[in-house]
Amino acid sequence: MAHLTDIKASSAPEAERTLPPALLERIGFLLAMTKGGAEGFCTPALAPLGLHVRQFGLLTVLATEGPRSQQELADWVRMDRTTMVGFIDGLEEAGYVRRERNPSDRRAYLLQLTPEGRKVQKRAEGLMLEAEDEFLAELSETEREQLLGLLAKLAIAVGRPPSEKAAP
């Protein structure tokens, strides 16, 4: 099996290697670096809309999945309750979401995307696609598809309850 340092060494001239070789073997470090890099492209792209990357994610879930409880959204995007409340409050103040009584549980609320929220989500989607394209410029189309598939597989696996995870 090729080591990540072999991949890096074969793809970048000496002057461009800016990461310590030992860390190129650590998946957590690489994921943290790429997360930070992706946010470096996506955050400024969303700035004209006044959205945080995670707020874009919440709007996208509501746009594609329909109304959801705040707790369900938090579980899906793995966000703690305090952060979720702040993001949802901001989206509500901007007029992008509204809280409505859940017809099947009058004690709970569902978050509903507003028409303005749907518009801003569509605009943000275009901006995110451009930012992601710029971020992934070093990868071929095949590599992009592989990366997306592998990251999706890991994200799904870590989101499963322990009882559903495959035994080693």
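Computed over heavy atoms, backbone and side chain alike; hydrogens, waters and symmetry mates excluded.
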Do you know which two heavy atoms are closest between C42 and E132, and how far apart they sit?
SG-CG, 4.3 Å
Looking only at heavy atoms, what is the nearest atom pair of Y96 and L113, with distance?
O-CD1, 3.5 Å
Which pair of non-hydrogen atoms, one from M84 and one from L58, has the smallest distance, and what is that distance?
CE-CD2, 3.7 Å
I'd like to check the side-chain hydrogen bond (donor to acceptor under 3.5 Å, both in side chains) partners of R106; sequence neighbours left out, ordered by chain and number.
none
Minimum heavy-atom distance between A124 and L51, given as atom pair plus value
CB-CD1, 3.9 Å
Could you report the tightest heavy-atom contact between L23 and L30, atom names first, then the distance?
O-CG, 4.1 Å
Could you check whether any side-chain N or O of T34 sits under 3.5 Å from a backbone N or O of L31, counting only pairs where one atom can act as donor and the other as acceptor?
yes
With hydrophobic residues grouped by side-chain heavy-atom distances under 4.5 Å, do L46 and V61 end up in a single group?
yes
Only counting residues at least two apart or in another chain, list the ones meeting side-chain hydrogen bond (donor to acceptor under 3.5 Å, both in side chains) with E72.
none
Please name the pair of heavy atoms, one in L136 and one in R144, separated by the smallest distance, quoted to 0.1 Å.
O-NH2, 3.0 Å
If you measure from CE on M79 to CZ on F87, what distance do you get to the nearest 0.5 Å?
5.5 Å
If you count every heavy atom of other residues, nucleotides or ligands that lies below 6.0 Å from R101 atom CZ, does the total exceed 12?
yes
Identify whether W76 and L62 are in the same connected component of the hydrophobic contact network (ILVMFWY, side-chain heavy atoms under 4.5 Å).
yes
